[in-house]
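Written below as structure tokens is the structure these notes are about.
Start at 1 and go down the list; that is how both ligands and their atoms are numbered. For clarity, every value in this text was computed on a predicted model and none was experimentally measured.
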Amino acid sequence: MTIAKPIVRVIGTGGSIAGVGPDRMDFILYPEIGEHITIQQSLDRVPEIQDIAEVRSEDLVSVGSTAIGAAEWLGLTRRINQIFREEPEVAGVVITHGTATLEETSYFLHLTVKSPKPVVITGAMRPPTALSTDADLNLSDAVRTAACPDAAGLGVLTVLNNEIQSGRDVTKASTFRVETFRPNELGFLGYADSDGKVVFYRAPLRRHTVDTTMT
Ligand code: ASP
């Protein structure tokens, strides 16, 4: 008997997680080149993701995240709400995003997505062309988290560096470190851990997603 895998939709928007540098030692110049791989090319780098979920992918935009603003936020929230409305079989949604404005997009979606199903935003501090990139593992961890039933009802989550955080509280703290996303004094919600488990230790109590007045 084959057990059906959870269906996860992955939406690409660009950023370092899709960045193309001139060589493996380039960690900073690639945004100026401005080239991005597609979300399907990102997924193809990690065939193991197919063991976690059945993934359906699409690119919404392909930009550095300083180019993401109100129009893209509305496009994302409309698309995510449409997916949950029209594809009830979808377990969760992942968004790949540049790190510069990842916290702003996360907070906006935390207030405007109208579903309790998991929505997970991830990015990377080192592009896929760089030595020791975090792009592949962050994408894999994000899909694992979006496919995890325990991630439902927590609002929009960010997953980078194994750390699961609330889209409401997360903030970027460093230009270079892979552990740049911090919740400050509020704490991580959990981990997409190295043993393959997705574990949660706490839940956000402020109103989000289906409980906000935003539509
Ligand atoms: N700063 C770039 C952006 O936000 C690259 C990145 O950090 O992902 O798109």
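- Counting the atoms of ligand 1 from 1 in the order shown, those under 4.0 Å from a heavy atom of Gly15 are 8 (O), 9 (O).
- Shortest contact from atom 7 (O) of ligand 1 to any protein heavy atom: Thr99 OG1, 2.3 Å.
- There is a side-chain donor-acceptor pair under 3.5 Å between Gln82 and Arg79.
- In this model, no donor atom of one side chain and acceptor atom of the other lie less than 3.5 Å apart for Gln165 and Thr158.
- For atom 5 (C) of ligand 1, the nearest non-hydrogen atom of the protein is Ser16 OG, 2.9 Å.
- Within the hydrophobic cluster formed by Ile, Leu, Val, Met, Phe, Trp and Tyr side chains joined at under 4.5 Å, directly or through other members, Val199 is accompanied by Phe188, Tyr191, Tyr201.
- Shown in contact with Gly64 at under 4.0 Å from a heavy atom are these atoms of ligand 1, numbered in order with element: 9 (O).
- Side-chain contact between Val113 and Lys117 is absent, with no heavy atoms from C-beta onward closer than 4.5 Å.
- The environment of Lys5 atom NZ is dense: over 12 non-hydrogen atoms of other residues, nucleotides or ligands sit within 6.0 angstrom.
- Counting only heavy atoms of the protein, atom 4 (O) of ligand 1 lies nearest to Ser65 OG, 2.5 Å.
- Interface atoms of ligand 1 facing Ala100, defined by a heavy-atom separation under 4.0 Å, are 1 (N), 4 (O).
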